[in-house]
Amino acid sequence: MQHFEITQLLEAIYFRYGYDFRHYARASLERKVINRLRLAKLVNISAMTCKILYEPSFFNLFLKDMSVTVTEMFRDPYVFKKIRTSVCQHLKTYSRVNIWHVGCATGEEAYSMAILLDEEGLLPRTRIYATDYNNHSLELATRGNYKADKMPQYNENYLKSGGKSSLSHYYQQQGNIINFDDSLKKYITFANHNLMKDQVFAQMHLVFCRNVLIYFDATLQNSVLNLLKESLIHRGFLILGDKESLDFSQQREYFENYANKERIYRLCANL
Amino acid sequence: MPIKKESTDFAPTYEALVIGVSAGGLKALSAIIPSLPSDFPLPIVIVPHRKHETEDYLVSYLNKRSSLTVLSASIGAPIKQGCVYIAPSGYHLLIERDKTFSLSIDGKVNYSIPSIDILFDSAAIAYQETLIGLILTGANNDGSLGLRSINFYHGLSLVQDPKSAEFSVMPQTAISTTHVNYILPLVDISDFLIRLLME
Ligand SMILES: C[S@@+](CC[C@H](N)C(=O)[O-])C[C@H]1O[C@@H](n2cnc3c(N)ncnc32)[C@H](O)[C@@H]1O
């Protein structure tokens with residue numbers, strides 16, 4: 001019954017707002033729906049469907065629920081270490097480099113990458129695109145403000161990833177808030193991009209899509225991976241999350257393993 | 001001790017066992033998992049609280065000592081008998097209705113990622129009355145609401161006797177939050193499961 005009602009809710013959202021959540025992994029979506037149901041004191045999911053259909057502001061709340069996530073700087077430091085010591089050698093052979101952070105959330109991963117590129121002397125020739133479908137997250141990311149008490153942990157990650165100085169070198173602190181320098185920000189473009197419907201917008205040398213596919217079912221994963229493949233230049237790099245892989249996807253054959261443990265893939269030469 | 005489920009006349013067939021454990025977990029799990037035989041009929045899924053680490057020490061530690069196969073739960077993997085799945089650190093672990101795993105990195109629940117409530121709630125929906133939930137030692141409140149969900153779907157709820165727990169808060173909270181079918185001392189848990197499911 002609950003399953004049926006949620007299916008109807010998702011159909012209604014797709015019909016009314018064009019957001020296609022029908023291909024999201026159901027268990028975590030269901031949990032968020034039930035939480036919202038309780039908070040809004042609604043009697044059942046069908047009542048929620050009705051409210052969503054008629055109140056765009058309530059739909060916005062739902063959207064926010066769906067994309068409240070956490071991220072951190074230099075998550076899985078060994079991945080950034082591999083980028084620094086190995087992938088960067090390839091990036092250095094290009095005069096212009098485009099990098100895309102897909103599902104960038106509040107931006108920590110994009111700032112991490114900007115710092116790494118700065119230290120490898122690549123930042124001036126790079127444009128970092130960082131996209132998400134959550135405008136609220138994008139606003140926070142654009143501002144580049146983060147809680148200062150997270151910095152010791154981030155700095156530890158940064159050093160493990162092969163960082164050459166100290167994170168504090170890249171930000172100004174005021175009270176419990178830090179703000180990343182404009183010298184990093186000017187290389188990053190934060191923008192709205194919805195993987196459920198938007199298309200490729202530039203040719204990329206390196207694409208990060210970490211911990212986004214875990215939210216999708218196999219169908220949506222395939223269409224997203226196809227989009228990412230299309231966005232990569234010849235021999236471009238794709239990096240997935242620690243627990244994600246291409247192993248069961250239709251795109252597997254187009255990619256070779258570049259670094260297994262780090263989940264770094266590279267487009268095959270013969271395409 | 002009679003171990004037929006109360007309130008029903010027929011013995012239900014169980015399909016999965018989920019376990020939540022926090023502080024003191026290594027010892028508690030070591031007293032249970034290695035004592036189960038390789039033909040133990042249910043898949044076991046465990047959420048242990050711990051820091052996000054790349055190398056999963058717990059998996060290899062338990063695997064070396066057990067006749068069941070202990071492994072890290074991975075996305076989309078079908079949940080199989082003969083296996084003990086451990087939630088990877090830094091992710092919430094959920095079970096889908098088709099009885100495969102999924103992961104998320106949504107915010108912490110009860111200060112924890114992975115959270116026991118998240119696994120138990122999703123497992124309760126997926127397995128309904130064929131689920132067994134077990135709460136072990138721990139110093140926080142995670143898992144109580146999850147155990148309540150398991151009750152709601154008429155699964156079987158088990159809690160380690162707080163007196164036998166290294167940290168009693170978690171089992172104690174579970175007991176005061178919801179009706180619990182059996183409260184068991186740590187040393188009896190593996191035997192209880194074997195008798196319930198294999199005799
Ligand atoms: C867990 S975060 C990943 C953050 C970062 N990449 C990391 O690994 O730490 C997942 C992000 O995916 C975004 N997302 C989910 N569905 C999306 C979609 N259809 N289009 C674009 N972004 C999406 C969410 O808004 C969220 O910010």
Side-chain angles (χ1 to χ4, degrees), chain A residues 1-4 6-7 24-35 38 64-72 74-82 103 105-106 108-109 153 156-157 160-161 210-218 221 240-249 261-263, chain B residues 18 45 47 51-56 59 71-79 85-128 131 145-146 148-149 152-153:
Chain A
M1 177 76 169
Q2 185 162 303
H3 188 60
F4 171 76
I6 290 183
T7 304
Y24 273 53
R26 195 49 88 80
S28 119
L29 181 148
E30 184 160 348
R31 184 178 184 87
K32 290 166 189 164
V33 169
I34 299 300
N35 278 342
R38 295 210 177 115
K64 218 168 149 186
D65 290 341
M66 285 306 297
S67 60
V68 169
T69 50
V70 283
T71 177
E72 58 185 90
F74 296 97
R75 184 179 167 108
D76 307 317
Y78 62 95
V79 175
F80 288 88
K81 184 161 207 166
K82 192 77 184 179
T106 38
E108 286 85 337
E109 193 182 72
Q153 161 73 42
E156 204 178 294
N157 284 356
K160 276 190 203 154
S161 79
R210 300 173 73 212
N211 303 312
V212 178
L213 297 177
I214 53 174
Y215 291 93
F216 302 161
D217 75 1
Q221 285 182 22
L240 301 181
D242 180 32
K243 298 287 179 257
E244 296 162 329
S245 93
L246 287 180
D247 286 348
F248 303 103
S249 96
K261 180 160 171 272
E262 291 80 1
R263 312 288 166 159
Chain B
V18 290
V45 185
V47 165
K51 247 186 87 189
H52 180 48
E53 299 281 354
T54 316
E55 304 301 340
D56 220 324
V59 171
L71 68 169
S72 182
S74 59
I75 309 175
I79 300 172
Y85 301 91
I86 312 268
S89 67
Y91 293 82
H92 291 302
L93 177 66
L94 302 99
I95 297 178
E96 299 286 337
R97 277 193 170 75
D98 65 359
K99 285 144 197 176
T100 59
F101 287 117
S102 62
L103 298 172
S104 88
I105 348 189
D106 301 339
K108 292 183 178 178
V109 171
N110 307 314
Y111 310 100
S112 312
I113 180 166
S115 145
I116 302 166
D117 280 345
I118 290 202
L119 173 70
F120 280 24
D121 286 351
S122 63
I125 292 174
Y127 286 101
Q128 314 247 327
L131 182 67
L145 295 176
R148 185 150 82 186
S149 304
F152 178 82
Y153 286 99

What part of L94(B) is in contact with chain A, defined as an atom under 4.5 angstrom from a non-hydrogen atom: side chain, backbone, both or neither? side chain
Honestly, the part of I105(B) sitting under 4.5 Å from a heavy atom of chain A is both
Can a side-chain donor-acceptor contact be found between T71(A) and E108(A) if the only test is distance below 3.5 angstrom? no
Counting heavy-atom pairs under 4.5 Å with chain A, which one of I125(B), I113(B), D106(B) comes out on top? D106(B)
If we ignore angles and hydrogens, is there a donor and acceptor under 3.5 Å between the side chains of N35(A) and D65(A)? no
Counting N and O atoms only, with roles assigned by atom type, does the side chain of E30(A) sit under 3.5 Å from a partner on the main chain of S122(B), one being a donor and the other an acceptor? no
Heavy-atom cut-off 4.5 Å, strictly under: side chain, backbone, both or neither for I118(B) against chain A? both
Can you say whether R26(A) sits under 4.5 Å from chain B via the side chain, the backbone, both, or neither, judging by heavy atoms? both
Rounded to the nearest 0.5 Å, what separates atom CD1 in I79(B) from atom CD1 in I95(B)? 4.0 Å
State whether a side-chain donor-acceptor pair under 3.5 Å links T100(B) with D98(B). yes
